[in-house]
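In what follows, a structure is listed as structure tokens, so that the remarks can point back to it.
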Amino acid sequence: MKQLTTYLPLLFLLLLGACKNAKTGSAAQPTDDALMDTVQRRTFNYFWEGAEPNSGLAPERIHIDGIYPEKDQNVITSGGSGFGIMAILSGIDRNYITREEGLARMEKIVSFLEKADRFHGAYPHWWYGDTGKVKPFGQKDNGGDLVETAFLIQGLLAVHQYYVNGSPQEQALAKRIDTLWRDVDWNFYRQGDQNVLYWHWSPEYGWAMDFPVHGYNECLIMYLLAAASPTHGVPASVYHEGWAQNGAIVEPHKVEDIELHLRYQGCEAGPLFWAHYSFLGLDPTHLKDEYCASYFDEMRNLTLVNRAYCIRNPKHYKGFGPDCWGLTASYSVNGYAAHMPNERDDLGVISPTAALSSIVYTPDYSLAVMRHLYDMGDKLFGPYGFYDAFSETENWYPKRYLAIDQGPIAVMIENYRTGLLWKLFMSHPDVQNGLQKLGFSTDK
């Protein structure tokens, strides 16, 4: 009894300390850098361990629950693969894999792309991974998809720059990538030399999709690459008349009392993937042209609009707030939806990619979301990073992923940490020529 009494004060102090640690969570909280590395590495694995085995490219979707209603687990995506190969570059650079392993995967990918279905040099939205044959994205969308092709080429040009001054084997791969890049006939997608680019062409249905692309949306990178092509480069008038619509792209307005300068197609402020997809390789820092004095500030403000709307939370959804915001295109409670910061398009669904891929624009705010979601545990965080979307209001937490949402998370975390993908893409001489041709400047 005397021995027990002697140790009771010490036992009490130990228990008190344990309770304090449990409340604050200090012992379990990773640093910001450790948290980013954990999220980046898990997300990279979507494109490494989760890759379709024959092509090495990104599956359109991975469902941990094993349920694929359309039996499309072998379908791979061109745009999401463009994001994925940039994520793989970051993995090589961070020693998640060896340089030799990374090169072998890139050689597999390029070998597939050299043989896979193309349409005037442009790739389709989807292929069957085992054959390289087009998988229709819709009945008439069974040919070239110039926007998804641009996302893929953006990634390939970064890979080119990573290897162009490397070993003989790496330089040989860079040369093969250069051929794929030069083969894209951007001029064909003007549909008869119009000063605008069309999204789709089908060998069966021709131009029936009839989708001329005007700004602003996620497609800026397509116009830049079309101008930059050394073999099929479009004239600058295609950008100025098609994308910018002779200046009509400029439309200063306020949303959530935050200033936006550009006209967002079909809405006042678009989903957040409009701030991500073109800028995974294209560095928005100090980027400007005659239509926008700062693309970085514009995309940061678009992110801040999205955050401010979610904090205001006019539809009173559960969970929305300063550490839980982000509306973009993703899975939704009923199918797939382009969630936006307005009451019509806000369905109470948070997509982790929205805030996390905005980390280059709003690092503190995005890290707060990353930490909050991570603390929610395995109902949100799985083998390939954060699951695609969730709704606390609907108690909806599907264990499912989409490539086109996972890719920007890994790429933008890397760009925030080192600027790697920005440096690679922007170093390509054709990209620099395209920027100059269209009147862009990166001067401070």
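For Asp443 and Lys288, the salt-bridge test fails: no basic side-chain N is under 4.0 Å from an acidic carboxylate O. Comment: Asp32 engages Arg371 in a salt bridge, judged by a side-chain N to carboxylate O separation of less than 4.0 angstrom.
Between Glu392 and Tyr397, some side-chain heavy-atom pair lies under the 4.5 Å cut-off. Within the 4.5 Å cutoff, no side-chain heavy atoms of Leu224 are placed close to those of Gln154. Two residues are said to be in side-chain contact when any heavy atoms from C-beta on lie closer than 4.5 Å; Asp297 and Arg300 meet this criterion. Between Trp127 and Leu113 there is a side-chain heavy-atom pair separated by less than 4.5 Å. The shortest distance between side-chain heavy atoms of Ser330 and Thr353 does not fall below 4.5 Å. Contact annotation: the side chain of Tyr361 never approaches that of Leu302 to less than 4.5 Å [non-hydrogen atoms, C-beta and beyond]. Here the side chains of Arg94 and Gln40 are in contact, with some heavy-atom distance below 4.5 Å. A heavy-atom distance below 4.5 Å is found between the side chains of Trp243 and Cys219.
With rounding to the nearest 0.5 angstrom, the CG atom of Leu424 is 11.5 Å from the CG atom of Asp283. Between the CE atom in Met36 and the CD1 atom in Ile409 there is a gap of 14.0 Å [rounded to 0.5 Å]. A distance of 10.5 Å separates CG in Leu225 from OG1 in Thr149, rounded to the nearest 0.5 Å. How far CE of Met340 is from CG of Asp346: 11.5 Å, rounded to the nearest 0.5 Å. Once rounded to the nearest 0.5 Å, the distance linking CG of Asn306 with OG1 of Thr362 reads 9.5 Å. Here the CZ atom belonging to Arg400 is positioned 5.5 Å from the CD1 atom belonging to Ile67, to the nearest 0.5 angstrom.
The backbone N or O of Leu260 sits nowhere less than 3.5 Å from a side-chain atom of Asn301 that would complete a donor-acceptor pair. Ser90 contributes a side-chain N or O that, together with a main-chain N or O of Ala87, makes up a donor-acceptor pair within less than 3.5 Å. Judged by distance alone, the side chain of Lys437 and the main-chain N or O of Val234 form a donor-acceptor pair under 3.5 Å. In terms of modelled atom types and a separation under 3.5 Å, the side chain of Ser81 and the main chain of Ala58 share a donor-acceptor contact. For the pair Tyr277 (side chain) and Phe151 (backbone), a donor-acceptor distance under 3.5 Å is absent. Formation of a donor-acceptor pair under 3.5 Å by the Trp274 side chain with backbone atoms of Pro271 is not found in this model. Counting only distance, with no hydrogens or angles, the side chain of Gln265 and the backbone of Gly215 share a donor-acceptor pair below 3.5 Å. A side-chain donor-acceptor contact under 3.5 Å links Asp289 to the backbone of Cys292. Without hydrogens or angle criteria, His125 side chain to Asp141 main chain gives no donor-acceptor distance under 3.5 Å. Put simply, the side chain of Glu241 never gets that close to the backbone of Asn246: no donor and acceptor are under 3.5 Å apart.
Nearest heavy-atom pair across Lys379 and Met376 is CG-O, 3.7 Å. Nearest heavy-atom pair, Leu282 versus Ser278, reported as atom, atom and distance to 0.1 Å: CB-O, 3.1 Å. Contact between Asn415 and Leu420 at its shortest, heavy atoms only, is OD1-N, 3.8 Å. The two residues Val184 and Ser229 have their closest heavy-atom pair at O-OG, 4.4 Å. The shortest heavy-atom contact between Tyr123 and Ser78 is CB-CB, 4.4 Å.
No side-chain donor-acceptor contact under 3.5 Å links Arg61 and Thr77. Between the side chains of Asn45 and Arg42, no donor-acceptor pair of N or O atoms lies under 3.5 Å. Side chains of Glu414 and Thr418: a donor on one and an acceptor on the other come within 3.5 Å.
The aromatic rings of Trp199 and Phe211 sit tilted relative to each other, their planes meeting at an angle between 30° and 60°.
Taking the six-membered ring wherever Trp is involved, the centroid distance between the rings of Tyr264 and Tyr216 falls below 6.0 Å. Taking the ring centroids of Trp201 and Phe188, they lie under the 6.0 Å cut-off. For Tyr291 and His261, the ring centers are positioned 6.0 Å apart or more. Annotation: Tyr401 is in aromatic contact with Tyr387 [ring centroid separation under 6.0 Å].
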Dump the intermediate steps for side-chain contact (heavy atoms from CB on, under 4.5 Å) on Glu107 and Leu173, then the final yes or no.
-> CA-CA 7 Å; Glu107 287 177 331; Leu173 183 64; 4.1 Å; yes

Would Asp93 and Tyr162 count as a side-chain hydrogen bond (donor to acceptor under 3.5 Å, both in side chains) if you check the C-alpha gap in whole Å, the side-chain angles of each, and the deciding distance to 0.1 Å?
-> CA-CA 10 Å; Asp93 221 55; Tyr162 196 74; 3.0 Å; yes

Take Asp430 and Trp181 through the test side-chain hydrogen bond (donor to acceptor under 3.5 Å, both in side chains) and record every step on the way to the result.
-> CA-CA 10 Å; Asp430 291 341; Trp181 155 232; 2.8 Å; yes

Between Asp37 and Tyr96, does a side-chain hydrogen bond (donor to acceptor under 3.5 Å, both in side chains) hold up when you go through it step by step?
-> CA-CA 10 Å; Asp37 198 65; Tyr96 298 165; 2.8 Å; yes

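Residues forming a salt bridge (charged side-chain N to carboxylate O under 4.0 Å, His left out) with Arg99 (at least two apart in sequence, or on another chain): Glu170.
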